[in-house]
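Below is one structure, written out as structure tokens; comments come after it.
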Number of protein chains: 2
Amino acid sequence: MEHWDEVRTAYQVARQGTVSGAADALGVHHATVIRHIDALESRLGVKLFQRHARGYTPTESGQDLARVAQATEDQLSQLAGRIKGRGADVSGDLMVTSIIEISDFIVPILARFQEAHSDLTVRYLTDARVFRLEYGEAHVAIRAGAAPEEPDNVVQPLMKLDIGLFASQAYIKRHGLPKDESDLANHWFVGSDNVDSRAPFQMWLRRHVPYDRVVFRTTETQSMLHAIREGAGIGFVARHRGKADPSLTEVMPPVEEWSPQLWIVTHVDLHRTAKVQAFVSHLKEAVRVSELAKS
Amino acid sequence: MEHWDEVRTAYQVARQGTVSGAADALGVHHATVIRHIDALESRLGVKLFQRHARGYTPTESGQDLARVAQATEDQLSQLAGRIKGRGADVSGDLMVTSIIEISDFIVPILARFQEAHSDLTVRYLTDARVFRLEYGEAHVAIRAGAAPEEPDNVVQPLMKLDIGLFASQAYIKRHGLPKDESDLANHWFVGSDNVDSRAPFQMWLRRHVPYDRVVFRTTETQSMLHAIREGAGIGFVARHRGKADPSLTEVMPPVEEWSPQLWIVTHVDLHRTAKVQAFVSHLKEAVRVSELAKS
DNA sequence: CATACAGTGTGGTTTTTTGCACAGGAGTTT
DNA sequence: AAACTCCTGTGCAAAAAACCACACTGTATG
């Protein structure tokens with residue numbers, strides 16, 4: 001039972017009772033309808049209709065086919081409705097991925113977006129590996145660093161991540177604060193365990209401080225923050241978070257170079273959908289508001 | 001959502017994950033698959049798949065479509081199985097029609113046929129109007145008289161209906177028996193109420209007996225038999241029935257002309273089906289056996 | 001009873017669809 | 001690192017399907 005189109009025409013013939021009527025309903029020539037029926041019957045080896053001057057009367061088999069095709073048509077039309085609706089609505093799943101470092105910034109935004117769209121299920125994905133938009137692993141990615149250049153991806157700038165260098169009260173009590181940039185080499189640091197880290201502040205740190213001064217190294221940003229709080233060393237923290245933490249003091253004014261650019265990345269195939277559009281604008285708006293609050 | 005073939009193509013792409021795989025599965029060129037997907041997506045205004053170098057990954061909408069299409073395929077393949085099975089099996093309905101006059105001959109044959117095919121439902125149709133094979137009103141018709149000549153009908157001779165002229169004991173006691181053919185005009189008859197009856201024995205009666213000698217007229221054969229038994233007049237009865245009835249006496253040897261030819265008529269579209277073939281041969285066999293028993 | 005009508009069926013033409021060949025990109029293996 | 005494999009995508013040719021026109025037939029109608 002291949003050639004589903006023929007089933008559809010047979011269904012219309014059974015409904016209308018005539019080839020001409022079916023042809024009208026389907027918007028094709030009646031000769032086409034006749035040939036579809038003939039082909040279907042000869043393939044099945046069974047007569048689906050009895051032909052007479054007043055039209056076509058379905059046999060038992062024809063009636064059976066009509067019942068099944070009716071169900072199919074119903075399901076397909078419902079499907080079409082759902083799909084078109086989904087194109088226009090904001091519903092279903094929204095999969096967002098980002099580097100873990102900005103999760104505390106992204107999560108509240110996602111939560112508020114979900115509140116605004118009750119039909120939506122938000123899935124926030126962070127992992128060591130990058131999720132690939134072109135395989136449908138995520139709808140929207142927030143990437144840091146140089147502008148991504150994969151083909152088929154739509155890239156827009158989101159914001160610069162404001163990074164500061166912080167030390168805890170405990171650390172300051174023990175070692176004091178660096179007097180200036182050149183004094184940094186005499187201090188102790190919390191940093192990434194990854195020597196190849198592409199994060200600009202880590203690269204800056206490697207240039208300005210001997211690697212053996214980075215005495216606490218971890219792969220997890222979360223642990224890095226804890227280590228700084230515990231006084232294990234001076235380290236980089238998002239400024240909005242560091243300033244909100246009373247146990248932390250900013251060591252020096254932030255250097256422009258530290259701040260990585262964040263990008264919104266979406267796949268072309270999904271970029272135009274209402275869901276993605278809605279989220280992207282929600283995200284931009286949230287950023288705009290928080291920048292406003294800052295100044 | 002027209003073009004069901006495209007849905008089927010999209011379904012295979014979702015299943016296989018690649019255009020090439022789907023093309024193989026469908027037995028078409030991969031370019032065709034690509035064009036089907038493109039057409040379907042542009043018609044729906046929604047991306048069903050995300051394209052990448054490793055193949056096509058279904059979006060939410062694509063997955064939804066795949067689910068629906070899966071169900072459709074299942075149903076259609078079941079349908080095909082049923083239909084092909086029905087072509088080979090003897091099952092479903094068997095609609096047989098005949099003139100009411102021979103119902104007592106046909107009904108036992110039908111009953112035995114149904115016994116032999118437990119999946120079959122037998123429907124025996126008799127009515128004043130003729131049921132038309134070309135409208136699918138019956139699968140097999142048993143017609144009397146001249147060979148039917150409608151196009152698209154397959155006609156085969158079945159048998160000659162053996163008709164005799166009978167009178168009841170009550171009638172004979174009152175009026176005696178006709179001495180010869182010319183004496184018939186002095187007797188009383190039971191006949192059809194229909195002056196135009198095409199039944200050959202009725203036409204014979206009209207030629208050999210004044211119409212006012214037909215003193216009991218009825219439209220129903222059943223009633224005719226009753227009237228003869230009650231002594232209302234001499235009348236025509238199927239010989240196998242008349243002879244089996246002890247209250248009836250055959251008035252004269254049957255005239256060749258009385259016996260109408262019976263025909264098996266089927267519609268070409270259904271003639272080749274196993275069901276019709278099985279019944280037709282069953283019917284012929286039953287007739288052959290009863291003829292054998294007669295001689 | 002003749003006529004109009006609605007519907008089927010078929011040969012020839014046109015349009016659409018499919019198939020083919022090749023280019024190009026991405027992952028994999030040696 | 002280079003060759004290999006698998007997959008997508010597109011212009012062009014071939015094949016198939018659809019369309020058109022006309023013939024034909026049974027049915028209803030005045």
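Every chain is numbered from 1 and lettered A, B, ... according to where its sequence line falls, protein lines coming before strand lines. Computed from heavy atoms alone, side chains included, the values below leave out hydrogens, waters and symmetry copies.
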Round to a whole Å and report the spacing from CD1 of A:Ile34 to C1' of D:dC22.
14 Å
May I ask you to evaluate whether A:Ser20 reaches the phosphate of C:dT8, defined as a side-chain N or O under 4.0 Å from OP1 or OP2?
yes
Looking across every strand, which nucleic acid part, if any, lies under 4.0 Å from B:Arg35 by heavy atom: base, sugar-phosphate, or nothing?
base
So, is B:Tyr56 close to the D:dC6 phosphate, meaning a side-chain N or O under 4.0 Å from OP1 or OP2?
no
Considering only NZ, NE, NH1 and NH2 on the basic side and carboxylate oxygens on the acidic side, decide whether B:Lys275 and B:Asp89 come within less than 4.0 Å.
no
Which one, C:dT8, C:dT18, D:dT8, comes nearest to the side chain of B:Thr32?
C:dT18
Ion pair check, A:Glu41 and A:Arg51, cut-off under 4.0 Å:
yes
Atom-pair distance (CG on A:Asp5; P on C:dT17), nearest Å:
11 Å
Nearest of C:dG19, C:dT28, D:dA18 to any side-chain atom of B:Arg54?
C:dT28
So if I take every side-chain heavy atom of B:His30 and compare against D:dT8, C:dC20, D:dC20, which nucleotide ends up nearest?
D:dT8
Atom-pair distance (CZ on B:Phe49; C1' on D:dT8), nearest Å:
14 Å
Cation-pi, A:Tyr211 ring and A:Arg217 (6.0 angstrom, 45 degrees):
yes
Checking C:dC20, C:dT18, D:dC19 against the side chain of B:His29 (C-beta onward), the nearest is C:dC20
Identify which nucleotide among C:dT8, C:dA26, D:dG9 has an atom closest to any side-chain atom of A:Thr18, counting heavy atoms from C-beta outward.
C:dT8
A:Asp24 has an atom CG; how far is it from atom P of C:dT8, in whole Å?
10 Å
Please state how far atom NE2 in A:His3 lies from atom C1' in C:dT17, giving the value in whole angstrom units.
12 Å
By nearest atom, which of the nucleotides C:dA21, D:dT27, D:dC19 is closest to the B:Arg132 side chain?
D:dT27
In whole Å, I'd like the distance from the NE2 atom of A:His52 to the P atom of D:dT27.
10 Å
Nearest whole Å is fine: how far is D:dT25 C1' from B:Tyr135 OH?
12 Å
Six-ring centre of B:Tyr135, B:Arg132 cation under 6.0 angstrom, axis tolerance 45°:
yes
To the nearest angstrom, the CD-C1' distance between A:Glu2 and C:dT18 comes to 16 Å
Counting only heavy atoms not in A:Arg43 (residues, nucleotides, ligands), do more than 12 fall under 6.0 Å from its CZ?
yes
Side-chain N or O of B:His36 less than 4.0 angstrom from OP1 or OP2 on C:dT18?
yes
